[in-house]
Amino acid sequence: YSFNEIVDKKLPKGTYVWHDGLDSWVLIENVPLFRESYKSNKWGLWKAIGSSIALCVGAVLFSFIFVANIEMETLKAEIELKNKISKIAYDDPSVDFQMYLDQFYKDLKYYNCTPEQPDNVIIKFAELNKIPETKDFAGISLGYNKDYCIEIYIHPEVWFSANEAQKYWIIYHELAHDILNLDHVDKTQDNIDKLMYPDIPENYNMDDFLKASHETFSLYTLQFQNK
């Protein structure tokens, strides 16, 4: 570049430059001729920096608004789904979900893990296959990442066709979502018997369930105690 071309670029301090007449690359602030021009153009330089900052702030603000809109849409979808399910939800006096919930907390206590139990607890049946978003679900936790409530709905057809070990798996799976805020494990062959596997395991017995729940609670307790 020529000297004038470098001046026009309004480069900041710390930039190495070269122009006709220099033997090698040097810091811009060490070039005598450029130093004076740098001082005279300082306001222009700060204007350029200010414009860059304004652009960055604008980009961050736009990103925040964009994320906020996504979160609002997600919340709206959750509320709509909750309304759909609650309209078809019901209790069955032949099934004591409270017994499973009490046992879940007893098991957690055994592992020295004591999350606070919320007052707002809903565990009911709902024919989830009648709702497009949940048509393939055995159960759903709407209290995931909401520590102020437990809200679970179980598909009755799946529940009453399951053996005792599978029933424990279903309710503990949803309670682990709801109370412990656990996600599904990857859908791989190695995980097929784990409590947080996405699908109900076949040919399942109580030994399988106890092993899966023990592993889940043990790993969670390590995380819980390190918080």
Side-chain angles (χ1 to χ4, degrees), residues 77-111 113-185 187 191-221:
E78 287 181 359
I79 292 173
E80 289 177 351
L81 180 60
K82 173 184 170 68
N83 290 338
K84 289 179 184 178
I85 296 175
S86 61
K87 286 179 181 178
I88 61 172
Y90 65 94
D91 293 307
D92 186 324
S94 70
V95 179
D96 183 9
F97 285 130
Q98 185 63 44
M99 180 272 293
Y100 292 97
L101 179 62
D102 292 343
Q103 187 61 50
F104 188 88
Y105 275 104
K106 286 180 182 178
D107 289 345
L108 284 177
K109 187 175 181 180
Y110 175 80
Y111 288 90
C113 182
T114 55
E116 186 176 349
Q117 184 172 346
D119 295 328
N120 185 12
V121 177
I122 299 173
I123 306 178
K124 294 184 177 185
F125 284 119
E127 293 180 332
L128 299 173
N129 60 321
K130 292 184 176 180
I131 300 173
E133 298 94 322
T134 60
K135 63 183 180 68
D136 297 321
F137 289 13
I140 186 170
S141 158
L142 296 183
Y144 175 74
N145 279 335
K146 300 180 182 70
D147 294 337
Y148 55 84
C149 73
I150 295 172
E151 187 169 3
I152 292 171
Y153 299 95
I154 306 294
H155 190 344
E157 184 178 340
V158 175
W159 179 267
F160 288 111
S161 64
N163 64 33
E164 189 61 21
Q166 289 170 327
K167 288 176 180 175
Y168 266 97
W169 185 94
I170 292 169
I171 193 66
Y172 268 53
H173 177 99
E174 298 304 333
L175 287 170
H177 278 316
D178 209 297
I179 297 172
L180 307 182
N181 299 317
L182 297 183
D183 294 315
H184 286 145
V185 296
K187 200 171 181 178
N191 290 334
I192 200 167
D193 289 330
K194 294 185 183 298
L195 184 63
M196 300 316 294
Y197 191 73
D199 298 333
I200 300 175
E202 299 179 0
N203 303 316
Y204 205 60
N205 59 47
M206 287 303 295
D207 287 339
D208 296 326
F209 167 74
L210 292 172
K211 179 182 178 182
S213 60
H214 167 73
E215 179 183 11
T216 300
F217 291 149
S218 296
L219 290 174
Y220 180 80
T221 299

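Position 1 is the first residue of the sequence; numbering continues from there.
The shortest heavy-atom contact between K130 and P132 is O-CD, 4.0 Å. When all heavy atoms of D92 and S94 are compared, the pair lying nearest together is OD1-OG, 2.6 Å. Shown here for N191 and Y197, the closest heavy-atom pair between the two residues is O-CD1, 3.2 Å. Nearest approach of A89 to A126, heavy atoms of both residues: CA-CB, 4.1 Å. Heavy atoms only, all atoms of each residue included: S213 and L195 are closest at CA-CD2, 4.4 Å. Nearest heavy atom pair, residue Q166 against residue A162, reads OE1-CA, 3.4 Å.
Counting only heavy atoms from C-beta outward, the side chains of H214 and K211 never approach each other to under 4.5 Å. Put simply, the side chain of D208 does not reach to within 4.5 Å of the side chain of N203, judged on heavy atoms. With contacts defined as side-chain heavy-atom distances shorter than 4.5 Å, the pair I123/Y100 does not qualify. Side chains of F209 and P201 form no contact here, defined as non-hydrogen atoms less than 4.5 Å apart. Put simply, the side chain of T134 does not reach to within 4.5 Å of the side chain of K84, judged on heavy atoms. Annotation: side chain of V95 is in contact with side chain of F125 (closest heavy-atom distance under 4.5 Å). Residues Y105 and K109 have side chains not in contact (no heavy-atom distance under 4.5 Å, counting atoms from C-beta outward). The shortest side-chain heavy-atom distance between I88 and I131 falls under the 4.5 Å cut-off.
Between F217 and F104, the ring planes lie perpendicular to each other; the angle is over 60°, past the 30° to 60° tilted range.
Other residues, nucleotides and ligands contribute only 12 or fewer heavy atoms inside 6.0 Å of the OH atom of Y110. Heavy-atom contacts from other residues, nucleotides or ligands closer than 6.0 Å to CD of E157 number 12 or fewer. Heavy-atom neighbours of Q98 CD from other residues, nucleotides or ligands within 6.0 Å: above the threshold of 12. By the 6.0 Å contact criterion, CG on D119 is open, its count of non-hydrogen atoms from other residues, nucleotides or ligands being 12 or less.
Remark: L108 CG to I179 CD1 distance equals 7.0 Å, nearest 0.5 Å. Within the model, atoms CG of L180 and SG of C113 stand 6.5 Å from one another, a figure rounded to the nearest 0.5 Å. Atom CD1 of residue I154 and atom CG of residue L128 lie 8.0 Å apart, to the nearest 0.5 angstrom. To the nearest 0.5 Å, atoms CG (L219) and CE (M196) are separated by 12.0 Å. One distance of note links OG1 of T216 with CG of L182; it measures 7.0 Å at 0.5 Å rounding. In this structure, CG in L142 is found 12.5 Å from CD1 in I150, a value given to the nearest 0.5 Å.
Between the D102 side chain and the M99 main chain, no donor and acceptor come within less than 3.5 Å of each other. Judged purely by atom type and a 3.5 angstrom limit, S218 has no side-chain atom pairing as donor or acceptor with the backbone of E215. Of the possible donor and acceptor atoms, none in the side chain of E174 sits under 3.5 Å from a partner among the backbone N and O of I171.
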_Determine whether E78 and K146 satisfy the following criterion, side chain to side chain contact (heavy atoms under 4.5 Å, CB included), listing intermediate values before the conclusion._
CA-CA 12 Å; E78 287 181 359; K146 300 180 182 70; 3.6 Å; yes

Please evaluate residues Y172 and D107 with respect to the criterion side chain to side chain contact (heavy atoms under 4.5 Å, CB included), reporting the C-alpha separation (whole Å), side-chain torsions for both, the decisive distance (0.1 Å), and the verdict. CA-CA 11 Å; Y172 268 53; D107 289 345; 2.6 Å; yes

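Between K82 and E151 there is a salt bridge, since at least one side-chain N of the basic residue sits less than 4.0 Å from a carboxylate O of the acidic one.
Of the options F97, F137, Y153, a ring-ring contact (aromatic ring centres under 6.0 Å, His included) to W159 is made by F97 and by none of the others.
Screening residues 176-185 for side chain to side chain donor-acceptor pair (under 3.5 Å), with sequence neighbours left out, gives S141-D178, Y144-D183, D147-N181, H173-H177, H173-H184, H177-H184.
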